[in-house]
Amino acid sequence: MKTLKASLPLLNAMVAFEATARRGNLTAAAEELAIAQSAVSRHIANLEKRLALDLLARKGNRVSLTENGAALAEAIRDGLGTIRDAVARLQEADRDSLVIASGYDLVQAWLMPRFDLVTSLVTHGRVTLLTSSNPDDFGRPEVGISIRFGRPELWPGLAARKLFDGEWFPVCSPGFLERHPALASEDPAAFLDVPLLHLAAPEDAIDNWRSWIGTTRSLPGPTFSSYLSMMHEAIAGRGAALAWAGFVEEQLRLGQLVRLTRTPRRHADAFYIVTRRKTTPTEQMVAQALLDSATAR
C-alpha cells in the first residue's frame with residue numbers, strides 16, 4: 001500500500017495550483033502566496049508532470065481550468081478545507097490557555113493572592129506565569145496579559161488600563177511601631193532615628209528613604225535587591241520599609257504590617273493591565289476580573 005507521501009503530489013504545488021485556479025491568473029496567485037510568479041508556474045508545471053495531466057489552458061498571463069484541472073481544484077479545496085477546519089477546532093479547544101507576564105515581585109505580592117480567581121476563569125486550558133526583569137519579554141507573542149509599570153504611550157498598539165497608581169509609603173510591623181511610637185507622628189524626620197530597610201535602586205530613584213525624609217545624608221541599614229526579602233525583614237520587626245501600593249495590601253490586611261502615614265508619595269507612572277487590542281474572551285474576562293479585584297480591595 002502506497003503511503004500518502006508516495007501517492008500525493010507535493011503540498012506546496014497543490015496550494016499554488018488551487019490559488020491559481022481560484023484567482024484566474026498566475027500573478028494574482030503569486031501575490032496571494034507571497035512568492036514569485038515563476039515559482040507558481042514551476043509548481044504547477046511540476047504538478048502536471050507528476051500527474052501526467054494538463055490542468056491549465058494558458059493564454060498569455062490568463063489561465064483557465066481544463067476538465068481535469070477543475071476536478072483537482074475542487075478536491076484540493078475540499079481536502080485543505082477539512083484540514084483548516086480541524087486546526088480551527090483544535091485551536092478553539094485550547095484558546096482558553098493564557099500566559100500572564102509581569103515582574104517577579106509584582107506577581108508574588110499582588111497576582112498570587114488572586115491566582116484562584118484567574119484559574120477559575122481559564123476553564124479548558126492552562127495558565128502560565130512569565131516572570132521577568134526585562135520588560136521586552138512582556139511583548140512576546142504568546143503573552144495574552146501583562147502587568148506593567150509605566151504609561152500607555154510606552155506601549156503603542158496595545159490596550160492599557162490602569163490597575164493602580166504608582167504610590168509608595170512607609171510601613172513597619174505592629175511590634176516595631178510599639179518600640180518606635182514617634183513614627184505615627186507623620187513627621188518624616190522621625191525616621192532618622194530608627195532602623196531602616198533599603199531597596200537597591202539607581203542613585204536618582206525617588207522612592208528611597210533620603211527622598212522621603214528630605215535629607216542628603218547617608219542612612220544606615222541593609223539594602224535588598226528583592227522587594228519581597230525586604231518586606232520579610234519588615235514583617236519580622238527589624239526595620240521600617242518603603243512599600244509600593246499593591247505590593248503590600250495582603251500584609252496590611254492580615255495585620256502583618258501597618259501603614260505609617262496617611263499621605264503617599266506618587267510617581268508620574270502607574271501600574272497597568274496591558275493586552276492586545278483584539279483579545280480572546282478568556283483574556284478579556286481575566287483582565288476585567290483583575291481590574292475589578294483591584295478596585296474592590
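Residue numbers count from 1 along this sequence.
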(message) For Asn12, give me all partners under side-chain hydrogen bond (donor to acceptor under 3.5 Å, both in side chains), at least two apart in sequence or on another chain.
(response)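 With neighbours one apart ignored, the set is empty.
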(message) Could you go through Arg126 and Val122, starting from their C-alpha distance and side-chain angles, then the distance that decides it, and tell me whether this counts as side-chain contact (heavy atoms from CB on, under 4.5 Å)?
(response) CA-CA 7 Å; Arg126 63 182 179 181; Val122 184; 5.9 Å; no
Closest heavy-atom pair and its distance - [X], [Y]:
X: Ala241; Y: Met231; answer: CB-CE, 3.5 Å
X: Ser293; Y: Leu117; answer: CB-CD2, 4.3 Å
X: Gly246; Y: Trp110; answer: O-CD1, 3.1 Å
X: Phe176; Y: Arg238; answer: CE1-C, 4.2 Å
X: Leu56; Y: Phe17; answer: CD2-CE1, 3.9 Å
X: Pro170; Y: Thr261; answer: CD-OG1, 3.5 Å

[X] side, atom [atom1]; [Y] side, atom [atom2] - distance, nearest 0.5 Å:
X: Gln251; Y: Ile235; atom1: CD; atom2: CD1; result: 5.0 Å
X: Met14; Y: His43; atom1: CE; atom2: NE2; result: 11.5 Å
X: Ile44; Y: Thr20; atom1: CD1; atom2: OG1; result: 3.5 Å
X: Ile100; Y: Thr275; atom1: CD1; atom2: OG1; result: 12.0 Å
X: Thr82; Y: Asp78; atom1: OG1; atom2: CG; result: 6.5 Å
X: Leu254; Y: Glu249; atom1: CG; atom2: CD; result: 10.5 Å

(request) Answer yes when Glu32 and Arg22 have at least one side-chain N-carboxylate O distance shorter than 4.0 Å, and no when they do not. (result)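 Salt bridge flag = yes for Arg22 with Glu32.
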Any sub-3.5 Å donor-acceptor pair from [X]'s side-chain atoms to [Y]'s backbone N or O?
X: Glu233; Y: Gly239; answer: no
X: Arg23; Y: Leu26; answer: no
X: His198; Y: Pro220; answer: yes
X: Ser211; Y: Asp207; answer: no
X: Asp105; Y: Tyr227; answer: yes
X: Arg140; Y: Leu130; answer: no
X: Ser229; Y: Phe224; answer: no
X: Thr215; Y: Arg210; answer: no
X: Thr295; Y: Leu291; answer: yes

(request) Please work out whether the ring planes of Phe271 and Phe149 are parallel, tilted or perpendicular, with thresholds of 30° and 60°. (result)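 If you compare the ring of Phe271 with that of Phe149, the planes turn out tilted.
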(request) Kindly assign one of parallel, tilted or perpendicular to the pair Trp209 and Phe191, based on the angle between their ring planes and the thresholds 30° and 60°. (result)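 The rings of Trp209 and Phe191 sit tilted, inter-plane angle from 30° to 60°.
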With heavy-atom distances below 4.5 Å as the criterion, would you say the side chains of [X] and [Y] are in contact?
X: Trp244; Y: Leu106; result: no
X: Asn68; Y: Leu51; result: no
X: Ile147; Y: Ile273; result: yes
X: Arg114; Y: Leu290; result: yes
X: Tyr104; Y: Ser133; result: no
X: His180; Y: Leu260; result: no
X: Glu31; Y: Thr27; result: yes

(message) Heavy-atom count check: over 12 atoms from other residues, nucleotides or ligands less than 6.0 Å from Gln108 CD?
(response)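 Counting other residues, nucleotides and ligands, CD of Gln108 exceeds 12 neighbours.
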(request) Can you establish whether the number of heavy atoms outside Glu67 located under 6.0 Å from its atom CD is more than 12? (result)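 No - once you tally the heavy atoms of other residues, nucleotides and ligands closer than 6.0 Å, there are 12 at most.
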(request) Could you walk me through whether Val248 and Arg259 pass side-chain contact (heavy atoms from CB on, under 4.5 Å), step by step? (result) CA-CA 10 Å; Val248 76; Arg259 180 172 173 167; over 6 Å; no
(request) Pick out which of Arg276, Arg277, Lys278 makes a salt bridge (Lys or Arg N to Asp or Glu O under 4.0 Å) with Glu283. (result)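 Looking at Arg276, Arg277, Lys278, the match for Glu283 under the salt bridge (Lys or Arg N to Asp or Glu O under 4.0 Å) is Arg276.
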(message) By the side-chain hydrogen bond (donor to acceptor under 3.5 Å, both in side chains) test, which pairs, at least two apart or in different chains, include something from residues 156-172?
(response)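 Output for this query lists Arg161-Gln288, Lys162-Asp165, Asp165-Arg266, Glu167-Arg266.
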Same cluster (ILVMFWY, side-chain, under 4.5 Å), [X] and [Y]:
X: Leu111; Y: Val99; result: no
X: Ile145; Y: Trp155; result: no
X: Leu219; Y: Trp212; result: yes
X: Tyr272; Y: Val107; result: no
X: Leu11; Y: Leu53; result: yes

(message) Quick one, Glu74 with Arg77, criterion salt bridge (charged side-chain N to carboxylate O under 4.0 Å, His left out). Give me CA distance, side-chain angles, the key distance, then yes/no.
(response) CA-CA 5 Å; Glu74 182 179 359; Arg77 276 193 291 271; over 6 Å; no
(request) Might you work through the side-chain contact (heavy atoms from CB on, under 4.5 Å) test for Val127 and Val286, ending with a clear yes or no? (result) CA-CA 11 Å; Val127 180; Val286 171; over 6 Å; no
